[in-house]
Amino acid sequence: MPGSVYKWSLNLATAGCLVLLYLIFSGHRLTELAALANIPGSQWQNIKTVFVSIFLEALPFILLGVLVSSALHLFVPEDAIRRWIPRNRILGVTIACLLGIVLPVCECGMIPIVRRLIRKGMPIPVGIAYVLAAPVINPVTYAATAMAFPSDPRIAIYRLILAFIAAFCAGLVLHWTLKGNPLRPEKGHAHRHEHNHGHGHAHLHTRDRSGAVRGGRFLSVFGHAADEFFEMGKFLLLGALLTALVQTFVSRAELVSLSGGTFGAHVLMMGFAYAISLCSTSDAFVASSFAGVFPKGALLAFLVFGPMIDFKNTLMMLTVFRARFVANLTVLVAVVVLIASLAAGRLIG
Amino acid sequence: MTETLSRGSIVVRLVRAVILAGIAFYIVHLHNAGRLTLYIAPRMTIYVKLAAVGLYLVAAVLLFEALRAWNGSREEEACEHCAEPARPSALRQFALYGLFLVPLAVFFLTPDTTIGSAMASQKGMNLSSAAGIKEKNREPASRTAAEEGTSSEAPSVSPDSAPIPSGQDGGNRGDGEVGGDGGYADNGGLGGGGRDVPHSSDPLDALFPPDPFSEAYAEYGKKIYGSPLIEVTEKSYMEILTTLDLYSGAFAGHKVRISGFVYRDSSVPEDKFVIGRFAVQCCAADAMPYGILVDSPDAGLHDDNEWLTITGTLATTKYGDNDVLLLKAEEAVKIKAPKDPYVYGDLDFGT
């Protein structure tokens, strides 16, 4: 299938370009890449440790995500979601931003679930607002942030507020500007799913009463989950590997030396958050280690941008949305977070 | 919808079942060998173990489906076309499952080690674990410096980093608090109170001026102040280091014992090295190295990544632009690397 080869090579090329850009900007000479082949053993071990730990850490959440998504697919009727979501989009986006308080799912588990919800009729701005907001606006992340910044409780509160602003703005902008369907028409796979639905439902209704079929349906939740697991899992693996490479080869001192002025620090911290792809519950501790090196506003930019958009979840989003949509969304969120965190930086001092 | 499951899709299911079971088995294997905590913090391991159970379940269902398809008894399958995996080209399938199988094989076949000195250098060894708290207190004075993006790693230069209860220091403290919120005014009062009589009769209050952000550390500081040897334990590693750093003035001259790995970089003088450990929140990817500068005549004898227990006297020194703790080693004992090399936040601290 030439299309699938294209899809793959595009993703890999994008990832490769990002790494190259990163290396160029961090002052590495490209000739150093040639030295990758003779990385000392201890560095390989570091790569393995970070790689395995990110993979294992994300595993439970991805698995939960694909199981919930499969269950939604098989047990929730097609238009149910559409009926639950308020007609008024602005209200819908607002609720989506706050949904994480009751339904906290971390970013890894989020993408399969939201894809399913969108296919079930959740409006895209609402779905995106949920994806962006829920990893930050939830009690677990708040508690972790407050713990990481014991001396300044404002950081945790500002993080929530900024995340709300960013997700809300992104949702609204999408609501006003989005035309057409940004979901990736998955070659073969998704089509067959959708196309089969008509048939599938006819079947199921006639057979629903028999217990045996019910059991089969329950089992097929797992079958489905396996499909989605492999779909997301390959990007998790790639993301974890590239993150491990970045963590092993890009030093913090070099990073810090790159930033000039407040603006530079904000941009740098957002880039850093993107590259290291940490979970929203642990990134606050990494941010707190930068306290004093960078202004508070830049730490907030790191804390808000990272959980919304990072390397790992860009790759996973690309399985769901068209590349162009993902790129636009990334720019949109980056701009909103940058402006909001600069403003917050002035306020917080 | 009545086409039989092709042999190809049976194979795909079997391959998937093998991969999922393989991942689950890897987790179990790490757990049994006691090495899961090399990757995942103990408080998160339960989720990873649950994931292993989930993966086994999914693998079992795939296996069951494959067997059923093999036997040709497909009548009861309710939604078989949905469960049927996508069938792209053989080459792509090969690449996809290879992407899972290769790392899995590498995971199994390479030894599990920990991140060490090299990683600490990339992440930046933190020699002032109380920087976050101190930074708050010195905030009004040096805000501009921070905003200009100075590249000092762990700033601790501040009038109150050495909280000696002299009148002058108290005065500085008061100045620093202008513009802060209510919490500091209190602090300033106590700092000055070293000269007058503070509202508490405990003489140690002067040495450990409590403020809302460091109360637990102040309490702990008072508790260990009198002990002949302060041991930086594994359980409260970060908390004890933070206490010592926060009240470095009060603890100067005290005996301290600490274990960790040897770390050096180009900025560490030849007669010194750092003893540090990685503090982990969720997984090894978020590990941050924290340590203490050690002054030892035998510094050259110890290799990077060697594990040592150092007993010595506490002092402070200038490191770059910052005041950091310095441990003047009196005794250095080689130890075996602990089974769990990382340290974690102590949830019982201050309770």
Side-chain angles (χ1 to χ4, degrees), chain A residues 1 4 42-43 45-46 48-50 52-54 56-57 59-60 63 150-152 188-189 193 196 199-200 204 207 212-213 216-217 219-220 222-227 230 233-234 237 247-248 251-253 256-257 259-262 264-265 278-279 281-282 285-286 288-289 291-293 295 349, chain B residues 1 16 20 27 38-40 44 47-48 50-51 54-55 57-58 61-62 65 76-79 81-83 85-86 88-89 92 96 99-100 103 107 110 113-116 118-119 121-124 126 131-133 135-136 143 146-147 149 151-155 213 281-286 288:
Chain A
M1 211 184 266
S4 63
S42 66
Q43 293 287 57
Q45 281 301 334
N46 286 339
K48 183 198 169 187
T49 307
V50 178
V52 173
S53 68
I54 293 178
L56 291 183
E57 172 80 25
L59 202 56
L63 197 63
S151 60
D152 197 348
H189 190 136
H193 265 201
N196 279 335
H199 304 269
L204 291 172
R207 294 211 243 152
V213 173
R217 210 169 164 205
L219 282 188
S220 60
F222 288 91
H224 250 289
D227 277 5
F230 280 92
K234 62 190 178 199
L237 281 169
Q247 286 215 5
T248 312
S251 87
R252 231 181 240 211
V256 169
S257 68
S259 82
T262 312
L278 290 179
C279 285
T281 47
S282 58
F285 295 92
V286 173
S288 73
S289 72
V293 183
Chain B
M1 301 312 119
R16 289 182 166 194
L20 294 177
I27 295 170
L38 291 183
Y39 301 105
I40 302 290
M44 300 300 287
Y47 301 110
V48 178
L50 282 176
L55 288 170
L57 269 179
V58 177
V61 169
L62 287 177
E65 279 182 358
E76 291 184 21
E77 225 171 307
C79 189
H81 41 265
C82 289
S89 70
R92 194 176 162 222
L96 171 64
L99 188 65
F100 285 87
F107 292 175
T110 55
T113 53
T114 72
I115 48 182
M119 202 63 164
S121 144
Q122 295 295 66
K123 292 186 178 227
N126 192 331
I133 297 169
E135 194 246 355
K136 173 72 181 177
R143 185 201 303 161
E147 270 185 351
S151 54
S152 52
E153 251 297 90
F213 308 117
Q281 302 302 330
C282 290
C283 67
D286 62 42
M288 288 301 306

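So that the names make sense, note that chain A is the first sequence line, chain B the second, and so on, each numbered from 1.
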- Query: In terms of heavy-atom pairs under 4.5 Å, which option from A/Val286, A/Leu59, A/Ile54, A/Thr248 contacts chain B the most?
  - Reply: A/Thr248
- Where is the tightest heavy-atom contact between A/Glu57 and B/Cys283, given as atom of each residue plus distance? OE1-CB, 3.3 Å
- Item | Nearest-0.5 Å distance that lies between atom CD1 in B/Ile27 and atom CG in A/Leu56 | 5.5 Å
- Item | Distance-minimising heavy-atom pair for A/Gly223 and B/Leu62 | CA-CD2, 4.4 Å
- Task: Check whether B/Val48 gets within reach of chain A through its side chain, its backbone, both or neither, counting any heavy atom under 4.5 Å.
- Result: both
- Value rounded to 0.5 Å, distance of CG in B/Leu99 from NZ in A/Lys234: 8.5 Å
- Note on the structure: So OG1 of A/Thr49 and CE of B/Met119: to nearest 0.5 Å the spacing works out to 8.0 Å
- Is chain B contacted by the side chain of A/Leu237, its backbone, both, or neither, given a heavy-atom distance below 4.5 Å? side chain
- Item | Distance (rounded to the nearest 0.5 Å) between B/Phe107 CZ and A/Lys48 NZ | 7.5 Å
- Message: If you compare all heavy atoms of A/Ala226 against all heavy atoms of B/Leu20, which two are closest, and at what distance to 0.1 Å?
- Response: CB-CD1, 4.4 Å
- Message: I'd like to verify something: which residue of B/Val61, B/Thr114, B/Leu38, B/Leu57 has the highest number of heavy-atom pairs under 4.5 Å with chain A?
- Response: B/Val61
- Query: Can you name the closest pair of heavy atoms from A/Ser53 and B/Tyr39 and give their distance?
  - Reply: CB-O, 3.1 Å
- Which atoms form the tightest heavy-atom contact between B/Gln122 and A/Ser251, and what is the distance? OE1-CB, 2.9 Å
- Quick one: what part of B/Ile115 sits under 4.5 Å from any heavy atom of chain A, side chain, backbone, both or neither? both
- Item | Point-to-point distance, once rounded to the nearest 0.5 Å, from CZ of A/Phe285 to CE of B/Met288 | 12.0 Å
- So, for A/Leu219 and B/Glu65, which heavy atoms are closest and what is the spacing to 0.1 Å? O-OE2, 4.3 Å
